[in-house]
Protein chains: 2
Amino acid sequence: MASSAPRSADVARLAGVSRKTVSRVLNDEPYVSDEARRRVLAAAGELGYRLNHAARALASGRTRSLGVVALGTAGYGTASLLVHIEQAVRDAGYALRVINTPDGDPEGIAGALAALLEQGVDGVVVSEPVVQGEVPLRVDVPVLFLGAPPSFTATRTLTASVAAHELARAATEHLLDLGHHTVHHLAGPRHWYATKDRIQGWQAALAARGAHEPPLLNGDWSAASGYAAGRALASDTSVTAVFAAGDEMAIGLIHALREAGRRVPEDISVVGFDGNPVFAYVSPPLTTVRQPFAAAAREGIRLLVHAIEKPDDELPQADEPPVELVVRGSTAPPPSHRDRLLPHSR
Amino acid sequence: MASSAPRSADVARLAGVSRKTVSRVLNDEPYVSDEARRRVLAAAGELGYRLNHAARALASGRTRSLGVVALGTAGYGTASLLVHIEQAVRDAGYALRVINTPDGDPEGIAGALAALLEQGVDGVVVSEPVVQGEVPLRVDVPVLFLGAPPSFTATRTLTASVAAHELARAATEHLLDLGHHTVHHLAGPRHWYATKDRIQGWQAALAARGAHEPPLLNGDWSAASGYAAGRALASDTSVTAVFAAGDEMAIGLIHALREAGRRVPEDISVVGFDGNPVFAYVSPPLTTVRQPFAAAAREGIRLLVHAIEKPDDELPQADEPPVELVVRGSTAPPPSHRDRLLPHSR
DNA sequence: CTGAAAGCGCTAACAG
DNA sequence: CTGTTAGCGCTTTCAG
């Protein structure tokens with residue numbers, strides 16, 4: 001009949017030590033005899049003692065929690081990122097608080113940050129930042145932006161790369177290497193940093209080869225928006241290659257193109273972005289670039305935890321995440337290029 | 001130069017009231033004059049006051065946080081559920097703590113629960129429960145199981161339906177209605193409750209029509225596992241209809257079938273499970289059943305919050321989530337059935 | 001409707 | 001290596 005949850009005083013009594021010694025053991029502090037440590041651990045186990053995080057936070061001023069401002073979509077990209085962030089946070093010995101912000105709400109992320117700060121977190125990661133003006137907000141903990149320049153004034157703002165620029169560039173170059181004269185780009189919503197990065201990577205690849213930069217196509221990450229873009233594009237036979245900023249948009253795009261009678265990859269090549277493994281099993285299997293979600297989350301959290309625990313140290317060097325192009329069946333040389341290899345070509 | 005964060009005493013001083021009155025205003029308690037309320041709010045705003053949740057939790061014994069034990073996969077189903085849980089939790093005025101448990105770890109969910117309890121939560125939701133023995137664990141807060149019978153001994157264990165049984169049944173009946181003599185089932189990992197529910201719904205539909213129950217096919221939710229099952233199945237021409245327990249498995253299955261020269265839906269019909277909208281844009285567009293993630297999360301959180309805030313009340317009635325079949329292009333009548341309608345048939 | 005006093009369970013600082 | 005003394009910032013009594 002447990003009357004109520006055991007407290008550190010109960011553990012101390014049973015172990016025959018002071019409360020402070022219990023505290024030391026529980027926090028892995030030095031200067032505790034092995035004997036005392038052993039007795040405390042045994043007593044805690046016996047009582048089923050569970051430390052009260054609220055009391056610890058109040059007394060120490062540190063919560064051992066991290067907050068993440070995420071995106072509230074079930075898309076493969078955002079979901080993957082969240083999963084890997086959670087794992088990295090847990091591995092670092094922190095608890096995780098999550099708040100989603102619906103896309104398109106410019107005030108959203110500021111509000112989410114404020115809520116997280118009030119709930120009590122030692123640091124925050126903004127998972128998929130959108131573009132917005134400087135938000136006036138007193139933020140006294142380090143904030144990590146995954147894949148975007150900082151737009152808040154915080155004690156310490158950090159940024160970890162998600163390699164979007166390099167990946168977009170690799171995707172575009174793959175198409176150029178195949179012989180396409182230029183590559184169209186189906187972009188995401190303009191106010192996302194993820195969109196900007198990909199556009200810039202695409203532009204850089206085009207510029208490096210002296211290729212003409214065609215007008216941008218616009219989507220919203222959904223397959224439906226890719227489909228719409230595809231319908232608009234299908235009649236333009238000069239288009240031979242498209243780099244879509246997301247796998248799902250690529251899938252919608254291909255569907256529209258084929259409905260309109262254009263073959264993929266024979267007439268038009270399409271490359272996606274993200275690396276969702278399911279799209280290896282559609283026709284044609286989607287060529288894409290794999291986002292380094294795990295590496296980005298791990299590196300980012302490492303930076304954040306460092307900034308929290310050793311605020312005066314130099315920040316450690318962040319490893320650049322790997323760039324991985326996954327070539328499958330949705331890309332091929334352009335028709336003109338192929339004709340040259342056939343017998344009936346002039 | 002803010003020396004340090006303002007406290008409720010600072011607000012009280014500025015508003016010319018006691019700390020208790022500030023507390024009353026912040027907690028929406030009655031018996032505060034409108035005048036006092038207004039002054040407190042103004043003072044809080046002016047100072048940029050942020051309530052300290054740790055102190056509140058320590059003093060009140062309530063954290064206003066809910067914990068969720070989730071699954072750590074980026075699949076559409078689990079990700080959707082998490083997104084909707086987060087929203088429901090936020091709408092209910094609670095903060096959310098998340099811990100993922102890698103699939104297949106039987107101790108995982110017990111450990112996650114213990115960690116959540118230590119971090120401080122007023123209730124827990126176990127999002128995608130797996131089958132396991134009774135876990136001995138002192139859990140003194142209500143626990144909600146989404147789509148599974150309770151397997152922990154908690155003060156109060158709740159269950160909210162995700163309608164998996166009904167959806168599986170609807171998927172199977174759709175195939176039977178089309179004229180298929182029986183329906184094969186590609187199931188998920190056996191230790192998931194989600195797998196069990198779907199199997200039972202499928203069996204119920206078969207039994208109700210007196211259809212023969214073929215042996216189960218096994219997958220692990222991934223498209224790759226669906227592909228493997230499809231290769232094994234392709235040579236058996238007696239198979240005309242398959243209900244897959246997940247959209248991605250269905251996609252892999254269809255891919256293997258087509259590679260082996262079997263047409264979908266002409267030779268074999270396939271229905272998926274989940275309702276990921278992207279699969280409306282593949283060939284053939286996938287017939288599937290839509291899981292009521294939003295409704296299940298909303299109802300479940302409502303139950304959980306009720307159990308926390310009014311522990312002595314009767315639990316409110318849970319609405320049954322809707323059953324939605326999405327018929328697209330991957331299902332059709334079986335070959336035998338179709339022949340009967342053609343001119344050259346006898 | 002309002003306030004004063006007394007902790008919630010832990011860690012910080014300091015002294016042994 | 002160990003213990004003592006004070007709080008952390010809020011909410012809870014219970015009196016006005």
Side-chain angles (χ1 to χ4, degrees), chain A residues 2-41 43-44 47-65 95 117-122 140 309, chain B residues 2-41 43-44 47-65 95 117-122 140 309:
Chain A
S3 55
S4 80
R7 301 166 297 180
S8 77
D10 299 320
V11 175
R13 199 173 312 119
L14 185 62
V17 298
S18 74
R19 265 162 64 208
K20 178 61 212 180
T21 297
V22 173
S23 168
R24 276 195 265 259
V25 171
L26 266 23
N27 289 291
D28 271 318
E29 284 172 26
Y31 305 125
V32 181
S33 68
D34 287 351
E35 169 62 11
R37 182 177 305 274
R38 208 186 42 64
R39 290 223 309 277
V40 167
L41 259 16
L47 294 172
Y49 171 72
R50 250 170 347 221
L51 188 138
N52 182 324
H53 275 224
R56 168 195 282 196
L58 183 55
S60 69
R62 293 198 36 211
T63 63
R64 291 186 160 285
S65 290
L117 259 17
E118 178 164 322
Q119 288 166 26
V121 289
D122 296 340
D140 32 19
E309 298 182 350
Chain B
S3 56
S4 79
R7 299 167 299 178
S8 77
D10 300 319
V11 176
R13 199 174 309 119
L14 185 62
V17 298
S18 75
R19 264 161 65 210
K20 176 61 210 180
T21 296
V22 172
S23 167
R24 275 196 264 262
V25 171
L26 265 24
N27 289 291
D28 271 318
E29 284 172 27
Y31 306 125
V32 181
S33 67
D34 287 352
E35 169 60 13
R37 183 178 305 275
R38 210 188 39 65
R39 290 224 309 276
V40 168
L41 260 18
L47 294 172
Y49 171 71
R50 251 174 341 226
L51 186 131
N52 181 325
H53 276 224
R56 175 204 285 225
L58 183 55
S60 69
R62 295 200 34 214
T63 63
R64 291 187 162 283
S65 290
L117 258 16
E118 177 164 322
Q119 288 166 27
V121 290
D122 295 341
D140 33 20
E309 298 182 349

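Here the structure is a predicted model, which means the values were calculated and not measured. Chain naming here is simple, since letters A, B, ... match the order of the sequence lines and numbering starts at 1 in each.
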Enumerate the residues from residues 10-26 of chain B whose closest heavy atom to DNA chain C is under 4.0 Å, giving them by residue number; use none for an empty result. B/V17, B/S18, B/K20, B/T21, B/R24
What pair of heavy atoms forms the shortest contact from A/V11 to A/A44, and how long is it? CG1-N, 4.0 Å
Chain B reaches DNA chain D, atoms under 4.0 Å from its heavy atoms, from D/dG9 to D/dT12
Non-neighbouring partners of A/R37 that pass side chain to side chain donor-acceptor pair (under 3.5 Å), sequence neighbours left out: none
Can you list the stems that include DNA chain C, where a stem is three or more consecutive Watson-Crick or G-U pairs with distances under 3.5 Å? C:1-11 with D:6-16, C:13-16 with D:1-4
Partners meeting side-chain contact (heavy atoms from CB on, under 4.5 Å) with A/L51 (sequence neighbours left out): A/L26, A/Y49, A/H53, A/R56, B/E118
Report the residues that fulfil salt bridge (Lys or Arg N to Asp or Glu O under 4.0 Å) with B/R39, sequence neighbours left out, ordered by chain and then residue number. B/E35
When every non-hydrogen atom of A/L58 is compared with those of B/A54, the smallest separation belongs to N-CB, 4.1 Å
Identify the two heavy atoms, one from B/P6 and one from B/G48, that lie closest to each other, and give their separation to 0.1 Å. CG-O, 4.0 Å
I'd like to check the side-chain contact (heavy atoms from CB on, under 4.5 Å) partners of A/T63; sequence neighbours left out, ordered by chain and number. A/A57, A/S65, A/D122
Could you give the start and end, 5' to 3', of the contact zone on DNA chain C for chain A, using atoms under 4.0 Å from its heavy atoms? C/dG9 to C/dA13
Of all pairs that satisfy salt bridge (charged side-chain N to carboxylate O under 4.0 Å, His left out), the ones with a partner from residues 12-22 of chain B, not counting sequence neighbours: B/D10-B/R13, B/K20-B/E29
